[in-house]
Amino acid sequence: MDRHKEKLIIYQLFPRIFTNGNANCVPWGTLEQNGSGKLNDFTPHLLRSIKELGVNCLWLTGVIEHATKTDFSKYGIEKDNPNVVKGEAGSPYAIKDYYDISPSLAESVPDRMKEFEKLVKRIHKEEMKVIIDFVPNHTARVYHSDSAPKGIEDFGARDRIDMGFERNNNYYYITNQQFCPSINLAAEGDRPYVEFPAKATGNDCFNAFCGEYDWYETVKLNYGHDYNDNSDHFDPVPDTWLKMLHILRFWASKGVDGFRCDMVFMVPLAFWHWAIPQVKSVYPHLIFIGEIYDIGLYRPFLDYGCFDYLYDKVNLYDTLVGIETQGWSAAQLTGCWQTVDGIGDSMLNFLENHDEVRFASKAYAGDSLRVIPSLVTSAMISKGPFLMYYGQELGEQGRDCEGFAGENNRTTIFDYWSLSTVRRWYNGGKCNEDLMTPHEKWLRNVYKKVLTLCNKRDSLRLGGFFDLMYVNLRQPGFDPHRQFAFIRHKDDDVLLIIVNFSKESAHVKVMLPKAAFDAANIPQGETISTDLLWDKPHKLNLIPDEPVSVYLSAADAVVLPIGRKDRRVASPNKEEKREQENKMA
């Protein structure tokens with residue numbers, strides 16, 4: 001297989017939690033109480049265990065040093081004021097040093113960068129890519145780098161703090177106002193947090209009085225856009241642009257294969273147009289994935305912004321959520337691919353990530369057994385990447401009340417914690433099934449089947465897409481509100497994919513129009529097709545504009561090969577044989 005044409009299967013994980021074996025974590029626990037996973041825990045055996053799921057890219061979240069309540073001052077790392085830190089561990093998106101590794105992830109804190117560099121090499125040795133977060137919109141409220149290369153100044157070091165906006169300021173200021181949010185800035189520690197003049201808060205809060213639901217632990221970076229009059233000041237290039245370009249090149253030099261870029265739409269599009277080509281001119285293989293939530297911005301950020309991939313959260317993901325939780329019609333999935341027609345292969349699909357609720361949580365499906373139709377649709381609808389969040393393959397429900405995060409159907413990003421589902425699989429580094437429940441074993445195998453197929457089959461890795469919904473909206477035996485059917489095809493590899501979102505089993509009849517036969521070069525006639533998910537044979541009579549019938553359990557799917565690659569002529573049954581013999585006689 002040409003590795004450059006692989007479909008990206010990304011596995012997002014928090015090293016802090018992923019390999020933490022503490023079964024007795026306490027809410028709001030400190031590092032000493034709850035512990036933390038380490039970069040050195042990622043042995044070749046562990047990496048191979050992740051890879052066997054079909055994964056070819058790891059997204060390591062929370063590796064760049066961020067503000068925390070843990071005191072690492074004995075290592076020369078400036079202590080953070082706890083009053084503007086969320087959780088004991090702190091938010092991985094409140095960066096305090098863009099040039100350093102989070103010290104809690106290191107076995108030897110002074111060697112934390114070396115441990116990261118060795119991990120990157122181990123991942124590459126297992127023939128997987130590694131991406132990290134790039135957080136361009138905001139920093140921690142207090143930024144200080146003790147690891148920046150010589151000559152690199154901290155953000156804000158030369159800012160004119162008497163000016164609300166100045167092109168070369170790194171931050172925005174609320175002049176003559178002290179930072180005064182609704183939270184208590186003297187609640188923790190021996191010193192209140194004081195910020196004068198106040199800086200704009202990361203979620204575009206341009207006043208000194210942000211609330212507890214604002215991103216009060218962060219401050220907004222200034223890229224040369226003046227929010228007072230909506231004017232741009234990009235020529236000459238602003239100082240923040242130059243600093244961020246250097247940071248991207250720094251991490252590229254460490255061997256990472258790309259960046260998941262946080263909240264890209266909150267940074268001027270012109271910056272991405274300027275920065276990404278410059279980085280790729282030296283590191284052409286780098287991948288840039290943008291977190292974005294406006295369909296209207298998809299094409300500008302791909303075309304002018306030069307991103308390789310973008311989140312398809314508000315299109316496909318939200319539709320799948322609606323089908324599962326609110327009774328939306330599965331026919332709306334046709335509108336999803338039509339919305340991104342021409343750019344669908346640049347869309348990153350997912351069912352979970354650190355911002356969204358867990359699929360098996362009570363806020364979503366409430367049962368990981370129901371994942372198959374959503375998983376098959378999301379992973380197989382296009383050649384674009386598919387993202388899986390750690391523990392998803394084990395049915396993690398996000399029911400823990402970890403501390404700052406509370407019980408919110410998600411896994412915390414703010415606290416030191418450990419997940420029982422992942423611990424049972426990790427098993428002290430053995431990474432095996434010895435402690436896993438029967439359900440966890442079954443579910444992990446389902447993910448393995450679906451995701452390995454994505455690169456085993458040319459039709460899924462490289463092929464075209466043909467939607468069968470338009471001819472089946474009124475087909476007797478097909479419920480377009482609970483079922484979805486499509487074809488993926490590449491040369492002689494053709495797959496008929498049917499999913500059933502219903503809570504009831506069904507004998508589903510799917511019409512294959514002549515246009516599908518022509519587009520995918522489907523051979524006509526009877527064939528035995530063995531479902532690639534469940535290894536069950538299905539006898540199909542493939543005739544244009546005639547339905548084929550398939551039995552589907554509740555919340556199920558089939559992936560049926562119907563191309564010349566897998567052609568198996570159906571053997572006649574006893575009655576057919578007798579009829580043929582009588583005719584011959």
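The figures that follow rest on heavy atoms only: side chains count, while hydrogens, waters and symmetry mates do not. Since the structure is predicted, the reported quantities are computational estimates derived from the model, not experimental observations.
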What pairs of residues pass the salt bridge (charged side-chain N to carboxylate O under 4.0 Å, His left out) test when at least one of them lies in [range], not counting sequence neighbours?
{"range": "residues 207-219", "value": "K86-E217"}
{"range": "residues 286-297", "value": "R260-E291"}
{"range": "residues 309-321", "value": "K313-D318"}

Test of ring centre spacing under 6.0 Å for [X] and [Y]:
{"X": "Y390", "Y": "Y11", "result": "no"}
{"X": "F18", "Y": "F42", "result": "yes"}
{"X": "Y99", "Y": "F250", "result": "yes"}
{"X": "Y227", "Y": "F206", "result": "yes"}

Step by step, work out the side-chain hydrogen bond (donor to acceptor under 3.5 Å, both in side chains) result for H66 and D97.
-> CA-CA 7 Å; H66 52 271; D97 187 349; over 6 Å; no
Look at the aromatic rings of [X] and [Y] and report parallel, tilted or perpendicular, splitting at 30° and 60°.
{"X": "Y283", "Y": "H285", "answer": "perpendicular"}
{"X": "F134", "Y": "Y98", "answer": "tilted"}
{"X": "F404", "Y": "F414", "answer": "perpendicular"}

Which residues pass the side chain to side chain donor-acceptor pair (under 3.5 Å) test with K38, sequence neighbours left out?
-> none
Indicate the atoms forming the closest heavy-atom contact of S382 with G344, along with that distance.
-> OG-O, 3.7 Å
Within 45° of the axis and under 6.0 Å from the centre of the six-membered ring of Y171, does NZ or CZ of K199 qualify?
-> yes
Strictly by modelled atom types, are H225 and N230 linked by a side-chain donor-acceptor pair under 3.5 Å?
->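 There is such a pair between these side chains.
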So that I can tick it off, tell me whether [Y] and [X] are bridged by a salt bridge, with the cut-off set at under 4.0 angstrom between side-chain N and carboxylate O.
{"X": "R112", "Y": "D100", "value": "yes"}
{"X": "R461", "Y": "E6", "value": "no"}
{"X": "D154", "Y": "K243", "value": "no"}

Scan residues 267-276 for pairs that pass side-chain hydrogen bond (donor to acceptor under 3.5 Å, both in side chains), counting only residues two or more places apart or in two chains.
->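 The answer is none; no pair qualifies.
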If you count the non-hydrogen atoms of other residues, nucleotides and ligands that lie under 6.0 Å from CZ in R158, is the total more than 12?
-> no
Considering residues at least two apart in sequence or located in another chain, which fulfil the side chain to side chain contact (heavy atoms under 4.5 Å, CB included) criterion with H233?
->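 Counting only residues at least two positions away or on another chain, H233 forms a side chain to side chain contact (heavy atoms under 4.5 Å, CB included) with F165, R167, D226, S231.
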